[in-house]
Amino acid sequence: MVGKKPGRKPFGREGPPKGYPKNQSLYADPENWRYPLHTPWHAKAARRYFNDWPNRSKYTEDERAYIDWRINQAIEKFQTSTTQTKPIRSKLADKKPEELSLEELLELFLGPARLKRADEIGDSLVSIIEVGTHEIFGKVKEYTVKIDAKNRRILHDCQDWRNNLDSKRMCKHLGKFILTMNRKTAADLMADVLRNKDQWRFVAPETNSSGIATS
Ligand SMILES: [Zn+2]
């Protein structure tokens with residue numbers, strides 16, 4: 001600790017200002033609920049205000065040293081965490097599956113460009129034909145989609161899907177199909193696919209010699 005923590009002052013607040021943290025340790029002058037430091041913006045604002053002599057002069061030299069030290073600590077802490085911030089894509093991947101929205105989950109599997117194309121497929125081109133307890137079966141354009149949540153298996157038959165079976169990337173048809181499903185079911189499904197990616201199998205029907213799907 002640097003300097004001396006200020007005691008209660010006549011100009012101090014009785015408690016946290018409205019909408020501000022109720023935790024005293026988040027203020028540079030905790031006893032007086034002054035100079036909140038809970039966000040990078042507030043820490044910088046605290047620095048600005050406390051640089052002004054009319055504000056500084058309300059405290060003794062030791063107390064000023066303490067408040068300066070607290071503010072600087074907060075600013076440093078936020079600077080470290082910002083420099084460590086990763087690009088948005090990988091930040092998404094760092095989140096827990098249950099913290100992600102359906103669109104974010106889909107973006108992880110489709111990428112932003114495919115997700116946009118998925119969204120552009122007309123609703124009338126999608127039909128969900130059968131919904132069982134664990135199985136959902138339907139069509140997107142002329143393609144088949146069969147999701148078996150119990151056995152963690154997705155069957156689909158477009159070329160893009162076939163090309164990306166190994167990397168478990170999803171195609172725009174699957175994206176659209178999942179966007180058409182009940183949102184809660186879809187989000188739970190996608191979170192499970194993300195959480196248990198290794199157990200999920202992405203499959204395509206066998207093709208016969210003419211290249212046409214037989215199942
Ligand atoms: Zn497809």
Side-chain angles (χ1 to χ4, degrees), residues 39-41 78 80-215:
T39 70
W41 188 89
F78 287 126
T80 325
S81 58
T82 359
T83 41
Q84 282 166 354
T85 303
K86 294 181 187 144
I88 294 167
R89 272 312 298 283
S90 54
K91 235 169 83 186
L92 215 56
D94 286 346
K95 278 199 197 171
K96 291 197 194 104
E98 59 270 21
E99 292 170 352
L100 297 167
S101 70
L102 179 57
E103 281 73 15
E104 284 175 326
L105 284 161
L106 281 168
E107 193 182 320
L108 285 173
F109 283 92
L110 280 90
R114 272 203 188 84
L115 180 57
K116 190 170 173 285
R117 289 204 297 276
D119 206 35
E120 285 163 3
I121 298 177
D123 290 341
S124 60
L125 299 171
V126 188
S127 50
I128 294 180
I129 297 164
E130 209 180 294
V131 182
T133 324
H134 299 290
E135 270 195 297
I136 301 166
F137 170 71
K139 288 254 182 199
V140 180
K141 293 184 178 172
E142 68 271 35
Y143 303 107
T144 298
V145 177
K146 206 170 185 175
I147 301 173
D148 179 347
K150 192 173 175 223
N151 296 305
R152 294 194 167 130
R153 184 171 175 271
I154 302 175
L155 181 132
H156 177 55
D157 51 4
C158 83
Q159 196 55 47
D160 188 29
W161 173 261
R162 286 178 199 277
N163 293 345
N164 292 289
L165 285 180
D166 292 337
S167 57
K168 291 186 183 163
R169 294 282 284 177
M170 290 181 182
C171 65
K172 62 178 179 180
H173 308 113
L174 212 78
K176 180 65 189 181
F177 189 82
I178 290 166
L179 282 169
T180 310
M181 286 167 57
N182 168 292
R183 269 189 82 83
K184 171 84 174 79
T185 314
D188 288 350
L189 171 84
M190 289 301 295
D192 191 64
V193 179
L194 183 60
R195 220 178 277 123
N196 304 293
K197 209 175 167 184
D198 291 340
Q199 274 122 61
W200 274 86
R201 281 175 307 139
F202 286 17
V203 295
E206 297 292 323
T207 48
N208 63 22
S209 54
S210 61
I212 295 165
T214 52
S215 57

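For clarity, every value in this text was computed on a predicted model and none was experimentally measured. As the structure lists them, so they are numbered: ligands from 1, and atoms in each ligand from 1.
Every side-chain contact (heavy atoms from CB on, under 4.5 Å) that N182 has, sequence neighbours left out, goes to K184, T185. Applying the side chain to side chain donor-acceptor pair (under 3.5 Å) criterion to S127, with sequence neighbours excluded, gives no partner residue.
Contact detail for E103 and L115: the closest heavy-atom pair is O-CD2, 3.6 Å.
Salt bridge status for K172 with D119: absent, with no side-chain N to carboxylate O gap under 4.0 Å.
Annotation: side chain of D160 is not in contact with side chain of R169 (no heavy-atom distance under 4.5 Å).
Applying the ring pair (Phe, Tyr, Trp, His ring centres under 6.0 Å) rule to pairs touching residues 167-186 yields Y143-H173, H156-H173, sequence neighbours excluded.
Screening the protein for N, O or S atoms under 2.8 Å from the Zn ion (ligand 1) yields 4; no waters enter the count.
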